Amino acid sequence: MIDSVLASLASSTRPLLVCDVDEVVLEFLDPFHAYLESVEHRLHPDSFRLHGNVRHFSGTTATDEAVEAFQEEFFRTQDKWQKPARHARETLDRLSVGADIVLLTAMPPRHRGVRRELLDLLGFHFPMIATEEPKGPVVSQLIADRGVPAAFIDDIFTNLHSVRAHAPDCLLINLMANDIFRSMAPDPGERVHKATSWLEAERLIRSHFGSLDQVTM
Ligand SMILES: [Mg+2]
């Protein structure tokens with residue numbers, strides 16, 4: 001899967017934007033909450049994590065195994081639940097005029113088909129890589145030795161830090177669709193820019209890519 005994406009980028013001299021999907025391109029937390037309610041549970045924003053915060057309507061906390069099973073079923077039927085994050089589609093469309101865009105989703109490959117179909121249905125026709133491998137080495141491979149400016153967007157700090165370690169010149173943006181959980185997020189760490197919206201992320205990306213403004217105006 002990554003090989004075909006690498007081949008498509010091999011001769012490109014355009015800047016590269018790599019985007020996570022859940023909570024970045026597609027909403028995850030609100031749809032997951034809606035799914036949980038369909039199975040008589042709720043996600044309580046008591047802290048910045050899922051595990052321990054999912055409770056049955058009766059108040060009983062779901063076990064880690066139960067939360068894993070809920071996530072599995074949610075992703076298996078994600079096309080019933082997930083919708084685009086606010087401003088994601090139009091911002092990516094604007095940026096795609098002057099930059100290459102790759103979606104990098106930390107999803108078990110068994111859910112790849114339904115995710116690809118959902119993204120296409122919602123108009124996100126960008127190449128997608130679904131992998132549970134650390135994201136840093138993947139982004140480093142995508143940049144390769146082309147010397148193009150690159151940016152990476154994710155809601156999960158470990159992914160941002162992985163890319164920071166493997167692609168030191170890459171702009172790192174922490175973006176999370178859900179307002180409540182974003183407000184509880186700890187500091188994302190050194191060199192990670194926090195954006196509260198896609199529009200703010202777009203400004204950071206255009207500033208980092210520089211010549212993109214001339215290409216798209
Ligand atoms: Mg995510």
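Bear in mind the structure is a predicted one, so any value in this text is a computation, not a measurement. When a ligand or atom number is given, it counts from 1 through the structure's own listing order.
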### Message
Tell me whether F74 shares a hydrophobic cluster with L43, the cluster being built from Ile, Leu, Val, Met, Phe, Trp, Tyr side chains joined at under 4.5 Å.
### Response
yes

Check all N, O or S atoms of [X] and name the one closest to the Mg ion (ligand 1).
X	result
D155	OD1
D22	O
D20	OD2

Under 4.0 Å between a side-chain nitrogen and a carboxylate oxygen: does that hold for [X] and [Y]?
X	Y	value
D22	R115	yes
R94	E90	no
R76	E73	yes

